[in-house]
Number of protein chains: 2
Amino acid sequence: MSASTRPERDPQDTVSRILDAAEVLFAEHGFEGTAMRALTARAGVNLAAVNYHFGSKEGLFQRIFQRRLAELNRQRVQALDEAEARSAGGVLKASELMDCFFGPALDMAADTEHGGHTFMRLLGRTYTEPAEFIRKFMAEEYAEVMDRYIAALYRALPEVPREEIVWRLHFMMGAVSYAISGIDALALISTRVNDDPALLKPRLTSFLLGGLRAPLPPEAGFA
Amino acid sequence: MSASTRPERDPQDTVSRILDAAEVLFAEHGFEGTAMRALTARAGVNLAAVNYHFGSKEGLFQRIFQRRLAELNRQRVQALDEAEARSAGGVLKASELMDCFFGPALDMAADTEHGGHTFMRLLGRTYTEPAEFIRKFMAEEYAEVMDRYIAALYRALPEVPREEIVWRLHFMMGAVSYAISGIDALALISTRVNDDPALLKPRLTSFLLGGLRAPLPPEAGFA
DNA sequence: CTATTATTCAAACGTTCGTTTCTGTTTCTC
DNA sequence: GAGAAACAGAAACGAACGTTTGAATAATAG
């Protein structure tokens with residue numbers, strides 16, 4: 001059994017096995033709550049493999065976000081590019097912009113076969129546990145796409161002050177993030193509800209559009 | 001220096017000093033990310049004090065939620081009771097219900113002097129890191145208030161299916177939670193924005209109402 | 001005052017953590 | 001096929017973790 005045995009493991013396999021296992025465990029137990037030994041055991045690799053391939057646990061965490069978040073925001077920018085090209089200089093409607101921005105995120109969240117859903121849950125978690133070492137990275141990754149969408153939304157809704165748009169985009173991202181983290185939090189507020197993921201997107205879209213186009217709040221601060 | 005020295009420490013002080021310090025650190029670094037030694041050092045108490053007074057780290061975590069969450073949901077039920085009494089059997093408007101439900105949360109989040117703001121940040125985190133031992137407790141704590149508000153919202157908006165109301169309440173809680181966690185996540189999406197906490201409440205309320213009253217999504221699922 | 005209880009404290013417990021080291025094995029290069 | 005580079009694997013590293021212990025001190029009751 002020397003010349004006939006095939007190599008038992010794909011050479012590039014170890015890295016992606018670690019990434020997949022880590023995505024699941026980080027999403028489930030958080031960064032601090034995930035032990036290297038549990039992680040490597042799930043991936044079926046040696047304990048030292050993470051440090052060898054990613055340098056450290058933090059390096060692994062960062063790499064997970066790189067491969068997913070870059071792709072997500074690339075899709076968002078591309079969707080906006082295409083929509084703007086289609087409109088030929090005209091102003092895009094807010095509903096179109098919403099589809100371009102949240103569509104890729106919701107599609108990724110609906111993908112349960114390639115880990116997209118898992119990553120979106122992890123992303124939702126990470127917004128609320130802003131580890132210092134990931135904050136700067138996230139800000140860079142989001143800078144371009146945010147600037148472009150805020151500008152486009154302002155053109156679509158000139159009657160809404162720019163600052164209000166920033167706030168409402170913030171609110172919307174919160175709603176989406178929770179909607180994706182989904183069943184867990186939903187079970188908190190009511191037992192047994194139809195959680196068909198195919199229905200989430202239209203539900204969420206109409207809710208978000210309603211919020212985005214809501215009447216402006218009464219101006220406070222006159223005293 | 002024997003008879004003249006006063007007792008140096010308030011007897012009940014240790015417990016609340018621990019609770020306050022833990023609230024801050026759990027909100028900042030999460031449950032797993034907070035070390036007992038860092039916690040007791042911040043509180044200025046002995047390392048063993050947490051286990052003595054709360055049994056365990058988990059016991060302390062649970063106690064934090066008991067003292068705040070019970071009060072929060074008590075205010076919500078009371079606000080609903082009073083509104084229903086005022087209306088004398090009439091149907092409450094959705095905007096009134098929103099004020100009753102989210103008002104106490106936003107007020108608590110605006111209280112930076114007694115730790116209310118810190119706790120609401122911790123609460124937002126905890127929704128997304130559903131530790132098994134806290135999930136059941138949260139569900140119990142929320143059961144009554146959720147049932148009552150969902151029923152009241154359905155009376156206010158009979159044209160919106162009950163299931164849609166549950167979803168939209170879910171979306172709204174997500175938006176509120178992110179809005180409260182606030183500046184941190186907001187800095188991600190745009191630099192320099194007016195973050196006056198007094199303006200948050202009206203901003204958020206109009207956004208939420210817009211979403212709650214939005215046109216229903218196109219019915220999917222005929223295929 | 002004495003006896004009892006409640007609390008504080010320093011020290012140590014055993015365990016688990018992320019990381020490193022070093023040896024063995026495979027894979028590529030010439 | 002020899003040498004170099006890349007990778008896998010077992011074992012150990014020191015540090016930090018949550019918790020426990022037992023003695024010292026403060027408060028309380030009879």
Side-chain angles (χ1 to χ4, degrees), chain A residues 1-65 126 129 131-134, chain B residues 1-26 28-65 129 131-134:
Chain A
M1 62 166 86
S2 57
S4 63
T5 54
R6 299 274 77 201
E8 299 206 3
R9 176 168 293 176
D10 194 339
Q12 180 62 9
D13 209 30
T14 298
V15 167
S16 49
R17 290 250 293 280
I18 292 174
L19 285 172
D20 292 342
E23 215 167 42
V24 172
L25 293 183
F26 284 153
E28 202 155 337
H29 305 111
F31 178 75
E32 316 260 11
T34 299
M36 300 281 287
R37 285 165 178 81
L39 200 162
T40 50
R42 183 188 178 98
V45 302
N46 187 269
L47 172 60
V50 170
N51 293 87
Y52 179 78
H53 288 286
F54 303 96
S56 67
K57 191 183 179 185
E58 291 196 356
L60 167 60
F61 194 76
Q62 212 152 333
R63 186 80 75 83
I64 291 175
F65 280 81
T126 308
E129 41 178 316
E132 287 80 354
F133 78 94
I134 210 74
Chain B
M1 59 169 85
S2 57
S4 64
T5 54
R6 301 272 77 202
E8 300 206 1
R9 177 168 294 177
D10 195 340
Q12 180 61 8
D13 210 28
T14 299
V15 167
S16 49
R17 289 248 294 280
I18 292 174
L19 286 172
D20 292 341
E23 215 167 41
V24 172
L25 292 183
F26 284 152
E28 201 155 338
H29 304 109
F31 178 74
E32 315 260 11
T34 299
M36 300 281 287
R37 285 166 178 81
L39 200 163
T40 50
R42 184 189 176 97
V45 303
N46 186 270
L47 172 61
V50 170
N51 294 87
Y52 178 78
H53 288 286
F54 302 96
S56 66
K57 191 184 179 185
E58 292 196 357
L60 166 60
F61 194 76
Q62 213 152 331
R63 185 81 74 82
I64 290 175
F65 279 80
E129 42 178 314
E132 287 81 353
F133 77 95
I134 209 74

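First the proteins, then the strands, lettered A, B, ... as listed; each starts at 1.
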> Quick one: is dC7(D) close enough that its OP1 or OP2 comes under 4.0 Å of any side-chain N or O from Thr14(A)?
Replying inline: no
> Could you give the CG-to-C1' distance, from Asn46(B) to dT8(C), as a whole number of Å?
Replying inline: 6 Å
> Atom CD1 of Ile18(B) to atom C1' of dT19(D): distance rounded to whole Å?
Replying inline: 14 Å
> Is there a residue in residues 30-40 of chain B whose heavy atoms reach under 4.0 Å of DNA chain C, and which residues are they?
Replying inline: Arg37(B)
>> When you measure from the side-chain N and O atoms of Ser56(A) to the phosphate of dG18(C), is any distance below 4.0 Å, counting only OP1 and OP2?
In response: no
> Can you check the Leu60(B) CG to dC17(D) P distance for me, whole Å?
Replying inline: 16 Å
> Looking at dA6(C), dT19(C), dA10(C), which one has an atom nearest to any side-chain atom of Asn51(A)?
Replying inline: dT19(C)
> Starting at OH of Tyr52(A) and ending at P of dT23(C), how long is that distance when rounded to a whole Å?
Replying inline: 17 Å
>> Test of understanding: with side-chain hydrogen bond (donor to acceptor under 3.5 Å, both in side chains), list the residues that count as partners of Asn51(A), not counting sequence neighbours.
In response: none
> Could you give the CG-to-P distance, from Leu47(A) to dT19(C), as a whole number of Å?
Replying inline: 10 Å
> What closest approach, in Å, do Ala21(B) and Leu39(B) show between heavy atoms, and which atom pair accounts for it?
Replying inline: CB-O, 4.0 Å
>> Between Leu19(A) and Ile64(A), is there a side-chain heavy-atom distance shorter than 4.5 Å?
In response: yes
> Nearest of dT19(C), dG9(D), dA12(C) to any side-chain atom of Lys57(A)?
Replying inline: dT19(C)
>> Run the side chain to side chain contact (heavy atoms under 4.5 Å, CB included) test against Ile134(A) and tell me which residues pass, sequence neighbours left out.
In response: Phe61(A), Gln62(A), Phe65(A), Thr126(A), Ala131(A), Phe137(A), Met138(A)
> Any side-chain heavy-atom pair from Ile18(A) and Thr14(A) closer than 4.5 angstrom?
Replying inline: yes
> Should Met36(A) and Leu47(A) count as side-chain neighbours, where that means a heavy-atom distance under 4.5 Å?
Replying inline: yes
> Are side-chain heavy atoms of Glu32(B) and Phe31(A) found at a separation under 4.5 Å?
Replying inline: no
> What nucleic acid atoms does Ala49(A) come within less than 4.0 Å of, heavy atoms only: base, sugar-phosphate, or nothing?
Replying inline: nothing
> Do any side-chain nitrogens or oxygens of His53(B) fall under 4.0 Å of OP1 or OP2 in dA6(C)?
Replying inline: no
> Roughly, in whole Å, what's the span from CZ in Arg17(B) to P in dT8(C)?
Replying inline: 9 Å
